[in-house]
Amino acid sequence: MLTAENQKWLDEVWGKIQTKMSAEVDRIGDKIPYIPENGKYVDMSDGRIGWWTNGFWPGMLWQMYHATGDERYKKAAEGVEKKLDEPLNGGNTDHDTGFLWLHSAVADYRLTGNEESKTRGIHAANILAGRYNADGKFIRAWNNWDKENDRTGWIIIDCMMNIPLLYWATDMIGDPRYKQIAMHHADTAMEKIVREDGSCYHIVALNPDTGDVEFYPPCQGYDPNGSWSRGQAWAIYGFALSYKHTGKQEYLDAAKKVAHYFLANVAQTGNVPLVDFRAPAEPVMYDSTAAACAACGMLEIAQHVPEFEKPLYFNGAVNMLKATMEKFCNWDPEADSILGGGTVAYHAKGQIEVPIIYGDYFMIEAVLRLLGKDFLIW
Ligand code: GLY
């Protein structure tokens, strides 16, 4: 379905990714990168080992290992996986166990069959399942890290990307409870987070005893009524994945609805998403990570819709990926990180339009999907 011009672009990009990742794996190895400081990655294992993004580097390494067979990627990914035993066994994780261990232990198990990695993945799934609120039918997002906010009842859209860990656990041990929890959470997210027009809240504070909506806390978008583009991307990909793992049609419909909203918005900004689609016109701020993640989600949707619908999602993904990569990629092998233009949050001063490790992860996954060289980490 790629045009000849886009196929040429894709082949060139894949060559550049291999050159860049080959240099990065030699330089970074099993250190854990996040956002470069003064152009260089700092190692997150030095003091921030439990940070939610620490699985994306091993995720990139396993994707590269799968696509190229180069053992350097495997060795570095195995090193990170062992380091992540500290937060896995440390008892202070939040809902991000999916991001952390799907990309490390579970990816390892899927590609190598390593039983120790499978045990880590099951342990991570148990932690995630333990955050389930049975009356509210949702997975609690964050712990309480300050006195101002009691987050016991908070549900966030990002968690749609963590629950594939639960689908995997049910597949592994044949116990439906993990999948049941994941589906209850997805149902609640669909009802309480996705708006009628296809946009999404980021955070919804629910009453932890009843599950009723209490309020919409300040979030990573412009304001609680905004439309944070990475949150919309989490919804697109997350609901598409829940459909893949369950076959429940409503999930695919939700993914499509948010995708339509996303495509309508990026069409107004040259196929590169703003940080928040509902923010004031100025300042103009982009988030490349939203483009890369949404592209993966749209490519997933394209696999599940009838033939006549495929081009909308497939071409939408390609156009977004290409425009965002042409605007923000740095292919210098000596420079840390590939995709610039990522934004942590609308109000995160100093972390606006910067390279972020998950931008690189989703960009590589999207390119490998287009080449037919990816494997499903989720
Ligand atoms: N999951 C946090 C974020 O997307 O920034």
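One-based numbering, in listed order, for ligands and for the atoms of each. Not measured: the values here are computed from a predicted model.
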Using a 4.0 Å cut-off to any heavy atom of [X], which atoms of ligand 1 qualify?
X    : answer
D158 : 1 (N), 2 (C), 3 (C), 4 (O)
Q220 : 2 (C), 3 (C), 5 (O)
W234 : 4 (O)

Donor-acceptor contacts, no H, no angles, side chain residues 28-42, under 3.5 Å, sequence neighbours left out:
from : atom 1 : to   : atom 2 : distance (Å)
D30  : OD1    : K83  : NZ     : 3.4
K40  : NZ     : E334 : O      : 3.4

Are R278 and N265 close enough that a side-chain donor and a side-chain acceptor fall under 3.5 Å?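 No - no donor-acceptor pair under 3.5 Å links their side chains.
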Assess, by modelled atom type and distance only, whether the side chains of Q180 and H184 contain a donor and an acceptor separated by less than 3.5 Å.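 No, no side-chain donor-acceptor contact under 3.5 Å.
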Give the residue and atom name of whichever protein heavy atom lies nearest to atom 5 (O) of ligand 1, and the separation in Å to one decimal.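 For atom 5 (O) of ligand 1, the nearest protein heavy atom comes out as R230 NH2, 2.6 Å.
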Would you say W142 contacts ligand 1, with heavy atoms under 4.0 Å as the rule?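 Outside the 4.0 Å threshold, so no.
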Results of side chain to side chain donor-acceptor pair (under 3.5 Å) for D135 - residues two or more places apart only: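 If we apply the side chain to side chain donor-acceptor pair (under 3.5 Å) test to D135, skipping adjacent residues, there are no hits.
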So which atom in M183 and which in Y251 form the shortest heavy-atom distance, rounded to 0.1 Å?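 Smallest heavy-atom distance, with atoms named: O-OH, 3.1 Å.
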